[in-house]
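Inspection log for the structure reproduced underneath, given as structure tokens.
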Amino acid sequence: MQRIGVFVCHCGSNIAATVDVSKVAEMSLMEPGVVHAEDYQYMCSEAGQAKIAAAIKEKNLTGIVVCSCSPRMHEATFRKAAERAGLNPYMVEIANIREHCSWIHKDMEEATKKAVILMRAAVAKVNLNAPLQAGESRVTKRALVIGGGIAGIQTALDIADAGYEVDIVEKTPSIGGRMSQLDKTFPTLDCSACILTPKMVEASAHEKITIYTYSEVEKVSGFVGDFTVDIRKKARSVDMNKCTGCGVCQEKCPSKKAPSEFNRGLNTRSAIYTPFAQAIPNVPVIDREACIKFKTGKCGICSKVCQAGAVDYEQKDEIISEKYGAIVVATGFDTINLDKYDEYAYSQSKDVITSLELERVMNAAGPTHGHLERLSDGKAPKEIVFIQCVGSRCSDDRGKPYCSKICCMYTAKHAMLIRDKYPDVNVTVFYIDVRTPGKNFDEFYRRAVEQYGVNYIKGQVGKVIPQPDGKLLVQGSDLLDNRQILKEADMVVLATAIEPNPDVRKIATMLTASIDTNNFLTEAHAKLRPVESPTAGIFLSGVCQGPKDIPETVAQAGAAAVKAIGLLAKDKLMTNPCTAQSDILLCNGCSTCENVCPYGAITYEDKEVNDHGIRETRRVAVVNNALCQGCGACTVACPSGAMDLQGFSNRQILAEVDAICR
């Protein structure tokens with residue numbers, strides 16, 4: 001029989017305000033095996049831990065239950081305290097009576113009753129617990145960064161500067177990401193390319209960084225410290241070692257009708273192309289869907305004019321397999337599709353554009369070479385209307401429920417730049433709220449209003465109606481003056497919501513990382529572990545975790561890098577001893593568990609089995625404890641009940657259920 005101690009935490013008033021903690025401690029003494037019970041205001045404090053240690057030694061406790069907050073918060077704290085007192089750390093159980101009880105109940109009697117039940121279940125489990133010993137696993141001193149935008153570049157540079165090898169995988173032909181499409185950045189209005197390009201060059205030249213552009217992550221296996229990743233390096237149809245980046249092939253290419261992805265489809269590009277002038281690597285790629293050679297077998301002009309002989313039509317996709325100790329996800333964002341917002345006439349008029357398209361229009365390397373003009377007729381606009389929150393803070397299912405965070409600031413930036421360069425252009429902004437919670441952000445917005453004379457109207461736009469003369473009639477409301485507005489405009493700019501890159505769900509599935517309902521990757525703890533995924537060894541960088549601006553993205557990139565460095569600096573990691581084990585007497589060799597194991601930890605061997613005096617050779621499951629991460633998928637899938645999880649056995653779980661139902 002176990003000798004169990006129960007320790008109930010008040011958590012200040014977080015638990016004690018709703019739960020009668022003294023009664024929980026008193027009721028625990030009625031449970032089998034419980035020989036000690038007490039409550040304390042802050043059990044996680046040094047004094048609280050000292051009480052636990054003292055009770056373990058004085059009462060010769062063989063297991064303890066701590067009724068407190070979530071095990072995500074303090075399970076490690078209490079396990080270390082128990083270990084210091086000489087108790088196996090895996091003989092500690094946490095009954096979560098805060099998040100699961102006090103925080104969701106208002107009635108003390110009801111909450112106390114539930115807290116007693118949770119305590120009872122934890123005690124039932126401890127009665128069946130057995131001491132476990134953690135093993136060790138090696139750490140591969142190499143990191144993978146998925147995404148080559150500013151977040152991925154900064155993360156890779158910081159890890160590489162610490163002396164570790166880093167690979168960047170970017171699905172487009174060049175690193176640079178969304179920031180490379182911007183003209184100026186707020187609140188300093190400095191050139192985006194001027195601050196990004198040096199980072200791109202530094203990453204390309206760094207001896208510790210390998211860049212895989214036009215590549216995608218194909219498969220991920222393994223676990224923290226020892227991931228195995230397959231990278232598909234797509235065929236560029238251009239030999240990167242031979243190409244000199246002269247650009248003659250792009251000039252001579254006769255197929256120039258493909259929409260330019262970099263310029264958001266506002267103009268066209270050649271079938272063989274480099275996305276932008278500062279692209280790294282400065283090596284073109286052939287778009288096989290647009291190339292005449294690949295479609296008809298004719299042409300081949302790019303190969304003929306290439307003096308370096310770099311064009312290779314026979315090039316195939318290549319699979320590169322590499323091992324990594326840590327993986328950082330920096331997959332970035334895109335703007336939402338506007339098909340459901342036809343009231344703004346985006347699909348009806350070329351003069352209704354998104355803010356990101358305006359960035360390209362205003363950029364010297366953009367489709368209009370930096371001249372602000374209507375895309376329909378090339379004329380200079382005199383009246384421009386900006387519409388905020390298109391798809392953000394949306395109450396219906398067309399858009400996103402969250403604030404995209406950057407729209408208020410970049411709209412103020414666009415308005416200031418237009419008014420500065422074209423003083424005769426009138427700029428009007430329709431907004432719901434102006435949100436500027438950053439250093440010098442509110443001052444930046446006030447400059448747009450007070451210094452540049454931008455007209456801000458608090459109200460929403462109901463409809464944009466294209467007129468026969470080419471003008472756009474904007475129908476909106478002024479909530480402050482309580483009136484309807486009809487305003488003619490030459491151009492309308494939509495501040496569209498941002499969303500995670502569409503590929504993030506596929507990436508999350510491969511990494512077994514968590515995502516929220518908006519497809520943003522979920523952090524392990526919003527406050528205490530904001531750059532770590534709940535999946536060990538996976539870190540988050542940039543907008544893949546939630547909307548943020550460039551300074552915040554760079555800050556998070558550095559934080560993710562530090563966490564990855566902290567992992568890579570270790571030679572060995574303690575492995576989770578709560579691993580699966582197979583009962584060879586029950587195993588029927590069906591391979592179901594092997595098929596569902598995401599870590600490849602289960603294999604099958606022929607073993608001699610003594611089944612009640614009968615010796616025979618059977619095909620049975622064998623678990624590699626170094627690979628097993630204790631996810632429990634095999635125990636659920638096993639049809640014969642042969643697979644069980646140490647520390648979370650079927651017997652223990654049923655004992656908890658029985659205790660709850662008593």
Side-chain angles (χ1 to χ4, degrees), residues 148-150 170-185 191-197 200 213-214 236 245 247 249-251 253-291 332-339 346-347 349-381 384 386 390 406-407 410-411 413-414 417-418 421 491-496 498-499 501-502 550:
I150 182 61
E170 168 57 43
K171 69 175 183 178
T172 65
S174 169
I175 60 172
R178 201 63 66 199
M179 188 176 171
S180 63
Q181 294 178 292
L182 306 183
D183 183 41
K184 301 287 191 296
T185 60
C191 168
S192 180
C194 298
I195 56 179
L196 175 65
T197 303
M200 294 167 60
T213 54
Y214 208 50
R236 297 178 84 100
C249 56
Q250 299 175 59
E251 294 175 16
C253 177
S255 177
K256 288 182 165 58
K257 295 181 180 178
S260 170
E261 296 87 353
F262 188 75
N263 283 328
R264 306 297 290 181
L266 298 181
N267 66 346
T268 58
R269 57 161 172 79
S270 54
I272 182 169
Y273 69 101
T274 304
F276 56 101
Q278 303 96 329
I280 288 179
N282 186 25
V283 177
V285 59
I286 295 180
D287 180 352
R288 296 190 174 189
E289 293 183 2
C291 178
F333 73 94
D334 204 346
T335 54
I336 64 166
N337 189 299
L338 292 175
D339 288 347
Y346 178 74
S347 61
S349 173
K350 290 184 177 181
D351 299 324
V352 180
I353 62 175
T354 67
S355 296
L356 193 53
E357 290 167 356
L358 180 63
E359 289 281 355
R360 298 312 306 151
V361 168
M362 297 177 69
N363 191 286
T368 63
H369 306 290
H371 300 296
L372 182 63
E373 59 187 52
R374 287 159 49 99
L375 298 178
S376 61
D377 54 18
K379 293 179 180 179
I384 298 180
F386 287 84
V390 177
I406 58 175
C407 314
Y410 70 57
T411 295
K413 174 192 74 173
H414 290 153
L417 291 172
I418 290 170
K421 193 171 181 181
M491 287 181 70
V492 171
V493 182
L494 308 177
T496 53
I498 63 173
E499 63 181 359
N501 189 292
I550 294 170

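Under the side chain to side chain donor-acceptor pair (under 3.5 Å) criterion, Asp351 pairs with Arg374, Ser376, sequence neighbours left out. Partners of Asp183 according to the salt bridge (Lys or Arg N to Asp or Glu O under 4.0 Å) rule, which considers only residues two or more places apart in sequence or in another chain, do not exist here. Considering only residues two or more places apart in sequence or on other chains, Arg178 meets the side chain to side chain donor-acceptor pair (under 3.5 Å) condition with Gln181. Partners of Glu261 according to the side chain to side chain donor-acceptor pair (under 3.5 Å) rule, which considers only residues two or more places apart in sequence or in another chain, are Arg269. The side-chain contact (heavy atoms from CB on, under 4.5 Å) search around Asp339 returns Asn337, not counting sequence neighbours. Listed by chain and number, the residues in a ring pair (Phe, Tyr, Trp, His ring centres under 6.0 Å) with Tyr346 amount to none (sequence neighbours excluded). Residues meeting the salt bridge (Lys or Arg N to Asp or Glu O under 4.0 Å) test with Glu373, sequence neighbours left out: none. In this structure Ser174 satisfies the side chain to side chain donor-acceptor pair (under 3.5 Å) test with no other residue, sequence neighbours excluded. Among residues two or more places apart in sequence or in another chain, the ring pair (Phe, Tyr, Trp, His ring centres under 6.0 Å) test is passed with Phe262 by Phe276. Legend: residues meeting side-chain contact (heavy atoms from CB on, under 4.5 Å) with Thr268, ordered by chain and number and at least two apart, are absent. A search for ring pair (Phe, Tyr, Trp, His ring centres under 6.0 Å) contacts involving Tyr410 returns His414, not counting sequence neighbours.
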Dump the intermediate steps for side-chain contact (heavy atoms from CB on, under 4.5 Å) on Asn501 and Lys171, then the final yes or no.
-> CA-CA 11 Å; Asn501 189 292; Lys171 69 175 183 178; 3.3 Å; yes
Yes or no on side-chain contact (heavy atoms from CB on, under 4.5 Å) for Leu356 and Leu182, after CA distance, side-chain angles and deciding distance?
-> CA-CA 8 Å; Leu356 193 53; Leu182 306 183; 4.0 Å; yes
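Met362 is listed as a side-chain neighbour of Leu417, based on a closest heavy-atom distance under 4.5 Å.
Taking a 6.0 Å sphere around NZ of Lys350, one finds it holds 12 or fewer heavy atoms contributed by other residues, nucleotides or ligands.
Evaluation of the salt bridge (Lys or Arg N to Asp or Glu O under 4.0 Å) test over residues 355-369, restricted to residues two or more places apart or in two chains, returns Glu359-Lys413.
In this structure, CG on Leu375 lies 7.0 Å from OG1 on Thr368, to the nearest 0.5 angstrom. Rounded to the nearest 0.5 angstrom, Cys191 SG and Lys184 NZ are separated by 6.0 Å.
Paired with Thr213 under the rule side-chain contact (heavy atoms from CB on, under 4.5 Å), one option of Pro275, Pro281, Pro173 passes, and it is Pro281.
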